[in-house]
Amino acid sequence: MFRALVVEKGEDGGTQAGVQTLDEGRLPAGDVTVAVEYSTLNYKDGLCMGSGGGLVRSYPHVPGIDFAGTVEASDHECYKVGDKVILTGWRVGEAHWGGFAEKARVKAEWLVPLPEGLTTRQAMAVGTAGLTAMLAIDALEAHGLSPDALHPVLVTGASGGVGSVAVAALAALGYKVAAVTGRPENGDYLRDLGATEIVARDDLSETVNRPLESERWAGCIDAVGGAMLARVLGQLAYGGSAAAVGLAGGSEVPARIIPFLLRGVNLLGIDSVLQPYEARHAAWRRIAAELPMDKLEQMIQTATLDDLPRLGSEILKGRVKGRVLVEIG
Ligand code: NDP
């Protein structure tokens, strides 16, 4: 038997989430069973604990798009009992039962081994949000971003999960970091993570008539999308790139083509869900080596399975700061 957060669908079409004790026989098919130690709260988890956001395939459902823990049983040659593993992506917690449970069963190819130097707790403090931030940094650097750039790197949605890890990781790598937030009270928090400049959300929310503005940013990690991303494209330095990670502010981008033609800027799409094994593993190794763990600690609030339904609706309202670490095992 194991405890899990289960989302049920009522006859009226509404959903209800609560902790239940389940028999192990109810776990889905898979070749590796993991005793989950930690999970975390992501924006998608908020959706999957509520309406489902079009992501959940069937009910009852166990959400949790990522987890870290210890292999308890394995039918796959790559993993043996006792191995420490991380799971992110592959629609686990959406189409498959996920990590908001003491046990999870998944396909071996969805896992990566816990990299040396990282605990399962730290791995989930980073979580999908932090992995995505690192994938965005990888992509920006592959397109020419380097710490000696004249301008700072902009991070939007900075006090959220992706944003917080992006700010800390960029600062640790030697970049100047400008952090956009709609919550001025988080200014000290973002400066402590390494931001050198705080930009008010309102400064970038307005659409302007000019397709090009003064060059302000060497690059951008954008968790917000919408009008803000369009505005940022017109402020990127010549040849700079914006990594599009999220849509916390909207999925429609009223952008002009001019910055692409006259400044050679790039818009890079970042997906963490279907990243091939090698890229995921490399990003986790880089996180273990380069993300300052003292800064990571500053981002964490801890939660239990019972806290998740409340926190799920908070993250959808943009009210969660940093990373929520869910203590399970
Ligand atoms: P969070 O809710 O933790 O962070 C989002 C942040 O965006 C908020 O904290 C807030 O920051 C800002 N924000 C919220 N609403 C608005 C708004 N209306 N306009 C402008 N800014 C807003 O979420 P995550 O960091 O976990 O995820 C961020 C985005 O990235 C989500 O859209 C998520 O789905 C996506 N994502 C994508 C992944 C991928 O593989 N591409 C993987 C993981 C996440 P502040 O208060 O500081 O302004």
Side-chain angles (χ1 to χ4, degrees), residues 39-49 53-55 64-66 88-94 124-139 154-169 177-191 193 195 198-207 220-232 242-253 267-275 279-280 283 299-301 303 311-326:
S39 185
T40 170
L41 179 71
N42 294 276
Y43 190 87
K44 262 188 188 171
D45 295 317
L47 295 173
C48 293
M49 281 189 280
L55 302 170
I65 67 164
D66 45 19
T88 60
W90 302 100
R91 300 212 59 209
V92 170
E94 307 170 34
M124 280 302 103
V126 173
T128 299
L131 173 70
T132 307
M134 190 53 88
L135 291 169
I137 294 172
D138 286 344
L154 188 72
V155 176
T156 68
S159 25
V162 175
S164 294
V165 180
V167 169
V177 185
V180 184
T181 184
R183 291 179 279 179
E185 66 275 19
N186 289 344
D188 287 345
Y189 163 77
L190 291 166
R191 275 190 204 89
L193 294 184
I198 306 296
V199 180
R201 187 191 292 176
D202 287 348
D203 284 359
L204 291 175
S205 300
E206 299 283 308
T207 36
C220 172
I221 296 181
D222 176 52
V224 169
M228 190 178 292
L229 175 56
R231 185 85 189 271
V232 168
V245 166
L247 41 60
S251 62
E252 290 194 10
V253 182
L267 182 56
L268 313 175
I270 307 298
D271 167 58
S272 64
V273 176
L274 299 180
Q275 280 289 324
R280 269 181 299 142
M299 299 173 204
I300 300 173
Q301 57 169 299
L311 289 167
S313 66
E314 292 285 293
I315 200 167
L316 294 181
K317 292 176 193 144
R319 289 196 194 141
V320 167
K321 184 172 92 176
R323 304 283 301 120
V324 176
L325 178 71
V326 187

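Counting convention: from 1, in listed order, for ligands and their atoms alike. Residues take their numbers from the sequence shown, with the count starting at 1.
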Would you say ligand 1 has an N or O under 3.5 Å from any N or O of [X]?
X    : result
G318 : no
M228 : no
G182 : yes
N42  : no
L247 : yes
R201 : yes
V245 : yes
G161 : yes

Can you tell me how far apart [atom1] ([X]) and [atom2] ([Y]) are? Round to the nearest 0.5 Å.
X    : Y    : atom1 : atom2 : value
I221 : L154 : CD1   : CG    : 9.5 Å
L193 : D188 : CG    : CG    : 11.0 Å
L247 : L229 : CG    : CG    : 10.5 Å

key: Test log, rule side chain to side chain donor-acceptor pair (under 3.5 Å), inputs S164 and R323   = CA-CA 8 Å; S164 294; R323 304 283 301 120; over 6 Å; no
key: Pick from R183, Q275, R323: the one approaching atom 9 (O) of ligand 1 most closely through a non-hydrogen atom   = R183
ask   = Does any N or O in the side chain of R319 come within less than 3.5 Å of the main-chain N or O of E314, such that one atom is a donor and the other an acceptor?
value =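 No, R319 side chain to E314 backbone: no donor-acceptor pair under 3.5 Å.
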ask   = Between the side chain of D222 and the main-chain N/O of V224, is any donor-acceptor distance below 3.5 Å?
value =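 Checking the backbone N and O of V224 against the side chain of D222, a donor-acceptor pair under 3.5 Å is found.
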query = Hey, are T181 and R201 close enough side-chain-wise for a donor-acceptor pair under 3.5 Å?
reply = no
ask   = Are T88 and D66 linked by a side-chain donor-acceptor pair shorter than 3.5 Å?
value =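 Distance-only check fails for T88 and D66.
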Under 4.0 Å from a heavy atom of [X]: which atoms of ligand 1 are those, numbered in the order shown and with their elements?
X    : value
S272 : 39 (C), 40 (O), 42 (C)
G160 : 1 (P), 3 (O), 4 (O), 9 (O), 25 (O)
A158 : 47 (O)
G249 : 17 (C), 18 (N), 19 (N)
A223 : 28 (C), 29 (C)
D271 : 40 (O)

How far is [atom] from the closest protein heavy atom, and which atom is that?
atom                    : answer
atom 42 (C) of ligand 1 : T132 OG1, 3.1 Å
atom 30 (O) of ligand 1 : G246 CA, 3.3 Å
atom 5 (C) of ligand 1  : A248 CB, 4.0 Å
atom 25 (O) of ligand 1 : V162 N, 2.8 Å
atom 47 (O) of ligand 1 : S159 OG, 2.3 Å
atom 12 (C) of ligand 1 : G157 CA, 3.6 Å
atom 2 (O) of ligand 1  : I315 CG1, 3.4 Å
atom 23 (O) of ligand 1 : Y43 CB, 4.0 Å

Is the shortest side-chain heavy-atom distance between [X] and [Y] below 4.5 Å?
X    : Y    : result
Q275 : L135 : yes
M299 : L325 : no
T40  : T128 : no

request  = Give a yes/no verdict on whether any heavy atom in K44 is under 4.0 Å from an atom of ligand 1.
outcome  = no
key: Heavy atom of N186, distance to ligand 1 below 4.0 Å   =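 No; N186 lies far enough from ligand 1 that no heavy-atom distance drops under 4.0 Å.
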inquiry  = Using the side-chain contact (heavy atoms from CB on, under 4.5 Å) definition, which of the options D203, T156, V253 pairs with M228?
reply    = T156
task = Could you please spell out the steps behind the side-chain contact (heavy atoms from CB on, under 4.5 Å) verdict for I65 and E94?
result = CA-CA 7 Å; I65 67 164; E94 307 170 34; 4.3 Å; yes
ask   = Is the number of heavy atoms from other residues, nucleotides or ligands within 6.0 Å of CD (E252) greater than 12?
value =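 Atom CD in E252 is not packed in, count stays at 12 or less.
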inquiry  = If you count every heavy atom of other residues, nucleotides or ligands that lies below 6.0 Å from E206 atom CD, does the total exceed 12?
reply    = no
